[in-house]
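We use all heavy atoms of the structure for the numbers below, so side chains are in, but hydrogens, waters and symmetry mates are not.
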Amino acid sequence: MTLSRNHVVIMAGGVGSRFWPMSTPERPKQFIDVLGVGRSLLQLTYDRFKSVCPDENFWVVTNSKYASIVREQLPQLSADHVLQEPCRRNTAPCIAYVSWRIKAQDPRANIVVTPSDHVVTDPVEFRRVVRLCLKFTSETDAIVTIGIRPDRPETGYGYIQADLTSSSARNREIFRVDSFREKPDQATALGYIRQKNYFWNAGIFIWNVETIINAYRIYAPSITRIFDSMMGDFGTEREQATLNRLYPDCANISVDYAIMEKADEIFVCPASFGWSDLGTWGSLLKESKRDLYGNACIGPDIELYDTRDCIIHTTQQKRVVVQGLDHFIVAEKDGTLLICKLSEEQRIKQFSDNSKHE
């Protein structure tokens, strides 16, 4: 395996609003400095992979309305490696597009596909795991996904059931996948934890380009026909116009349903590197540094009194004083202040939708 054959694909087209008012449909969470470290989640994702492949082998797939933000935050990437989806069609068409595009440039490419909005607290171990998976896929026709060893019965993640009775002959850390499981209820999640062979599905996939395209040919022929028809346009000035015309015809389907749950040679690499998909304010609280009373403060001037287990995110140079709150979210952005019970954060999308009509 050579570094020049490795490609990193970052999927950055999501429009999640669960971190409102910090994130908005105009600038979703992947483009925000959620952790208060001076880097957006997209930039932190790039940072994690910097030594995995050269800059010229990074690709970002995003919605056309976010392309300028991607170029602003990752100016080191070639402009033609910021691929612009004209509409949302879930992860199967997204991954197909970039896979065909990479094949046109490098038919022997080895690829890792990752979301743009996750957090990893041990990047050294993360890179070790990614490299061993890339080596495995460079030598085989396997599809590999990274499974996170669970430390709690989480109901917000999908799970991977692995066959741990014997590892791959090529790598003792990689095992066959028995099945993929949807997000479980609490009792089912507790059962998974007890069985020891269930892992959180991190949505990080590793394969060589020939393997994934062959999988699409077998399991997603309608998507295959669309991108086969575009081969002559990739890398030319016609590419975007052709994509804009054909992409809406793609099925709206995830790569999990289209490929992963059907293919035979699917493997998982169980790992622990401090991973979170950072999908809620509660998960941000868990991943942030907390004081003796369980509070996480992200902002320059925050004072707390008689306050416990709260997440305070106020980064716009205002003095913020909080007294007497327990398990609350306090977040401020561009003149909007949110104060919400952590137990009620599922209602935040409703708040953000209502604010558009005020």
Side-chain angles (χ1 to χ4, degrees), residues 1 5-9 48-49 52 91-92 95 99 110-115 118 120-184 188-216 218-219 254-277:
M1 181 186 68
R5 293 286 182 197
N6 291 345
H7 292 249
V8 172
V9 173
R48 283 198 294 278
F49 284 98
V52 170
T91 54
I95 290 171
S99 298
N110 209 25
I111 303 170
V112 54
V113 179
T114 180
H118 293 179
V120 168
T121 59
D122 187 349
V124 173
E125 174 63 8
F126 174 82
R127 284 187 287 271
R128 186 193 72 81
V129 169
V130 168
R131 288 193 186 102
L132 74 85
C133 291
L134 284 167
K135 183 175 188 301
F136 186 77
T137 58
S138 72
E139 299 169 346
T140 67
D141 295 329
I143 292 173
V144 177
T145 184
I146 294 178
I148 307 301
R149 292 189 176 91
D151 58 10
R152 62 185 183 276
E154 176 62 59
T155 60
Y157 300 151
Y159 284 73
I160 301 166
Q161 182 187 14
D163 178 2
L164 300 183
T165 56
S166 62
S167 61
S168 164
R170 288 184 177 270
N171 192 298
R172 61 183 177 82
E173 296 185 55
I174 294 177
F175 303 84
R176 282 192 177 273
V177 170
D178 275 345
S179 66
F180 291 88
R181 301 298 178 93
E182 294 298 316
K183 297 174 182 178
T188 304
L190 187 58
Y192 289 168
I193 299 296
R194 289 171 176 162
Q195 290 185 57
K196 306 293 185 183
N197 66 326
Y198 284 82
F199 305 94
W200 293 336
N201 187 349
I204 301 172
F205 308 111
I206 301 99
W207 42 54
N208 67 62
V209 70
E210 205 55 47
T211 294
I212 189 59
I213 286 180
N214 285 341
Y216 273 91
I218 296 169
Y219 303 111
S254 73
V255 73
D256 299 82
Y257 284 129
I259 305 295
M260 303 298 286
E261 295 186 3
K262 299 175 181 177
D264 293 326
E265 293 295 301
I266 306 290
F267 292 81
V268 62
C269 181
S272 298
F273 39 68
W275 173 89
S276 171
D277 79 342

_To the closest 0.5 Å, what do you measure between OG (Ser179) and OH (Tyr159)?_
13.0 Å
*Atom CG of Asn197 and atom CG of Leu164: how far apart are they, to the nearest 0.5 Å?*
5.5 Å
*Starting from the C-alpha separation in whole Å, work towards a yes-or-no answer on side-chain contact (heavy atoms from CB on, under 4.5 Å) for Thr145 and Trp207.*
CA-CA 9 Å; Thr145 184; Trp207 42 54; over 6 Å; no
_Rounded distance (nearest 0.5 Å) linking atom CD1 of Ile193 with atom CG of Asp151_ = 7.5 Å
*Asn208 (side chain) donor-acceptor with Asp141 (main chain) under 3.5 angstrom*: no
*Hey, could you give me the OG/NE2 distance between Ser276 and His118, rounded to the nearest 0.5 Å?*
8.0 Å
*Evaluate whether atom OH of Tyr257 has more than 12 neighbouring non-hydrogen atoms of other residues, nucleotides or ligands under 6.0 angstrom away.*
no
*asked:* Assess the residue pair Trp275 and Tyr157 against the criterion (ring pair (Phe, Tyr, Trp, His ring centres under 6.0 Å)); give the C-alpha distance rounded to whole Å, side-chain angles, the decisive distance to 0.1 Å, and a yes or no.
replied: CA-CA 12 Å; Trp275 173 89; Tyr157 300 151; 4.9 Å; yes
_Between Asn6 and Val52 (side chain of the first, backbone of the second, donor and acceptor by atom type, cut-off under 3.5 Å), is there such a pair?_
yes
*asked:* Would you say Thr137 and Asn110 are linked by a side-chain donor-acceptor pair, where the criterion is simply a distance under 3.5 Å?
replied: yes
*Before accepting this row, confirm whether a basic side-chain N of the pair Glu173/Arg128 lies closer than 4.0 Å to the acidic partner's carboxylate O.*
yes
*Hey, mind stepping through Phe136 and Phe267 against ring pair (Phe, Tyr, Trp, His ring centres under 6.0 Å) and telling me if it holds?*
CA-CA 10 Å; Phe136 186 77; Phe267 292 81; 5.4 Å; yes
*Do Phe49 and Val9 have side-chain heavy atoms sitting under 4.5 Å apart?*
no
*Rounded to the nearest 0.5 Å, what separation is found between the NZ atom of Lys196 and the CZ atom of Arg149?*
11.5 Å
_Trace of the side-chain contact (heavy atoms from CB on, under 4.5 Å) decision for Ile148 with Phe273_ = CA-CA 8 Å; Ile148 307 301; Phe273 39 68; 3.6 Å; yes
*Decide whether Thr211 and Asn214 meet the rule of one side-chain donor and one side-chain acceptor closer than 3.5 Å.*
no
*Taking it one step at a time, do Arg176 and Ile266 satisfy side-chain contact (heavy atoms from CB on, under 4.5 Å)?*
CA-CA 6 Å; Arg176 282 192 177 273; Ile266 306 290; over 6 Å; no
_The single option from Ile259, Val113, Ile111 passing side-chain contact (heavy atoms from CB on, under 4.5 Å) against Ile95_ = Val113
*Row check, Phe126 ring normal vs Arg48 NZ/CZ: under 6.0 Å, within 45°*: yes
_Whether over 12 other heavy atoms sit under 6.0 Å from Arg172 CZ_ = no
*side-chain contact (heavy atoms from CB on, under 4.5 Å) evaluation trace for Tyr216 with Ile213*: CA-CA 5 Å; Tyr216 273 91; Ile213 286 180; 5.6 Å; no
*Can you tell me how far CH2 of Trp200 sits from CD of Glu154, rounded to the nearest 0.5 angstrom?*
6.0 Å
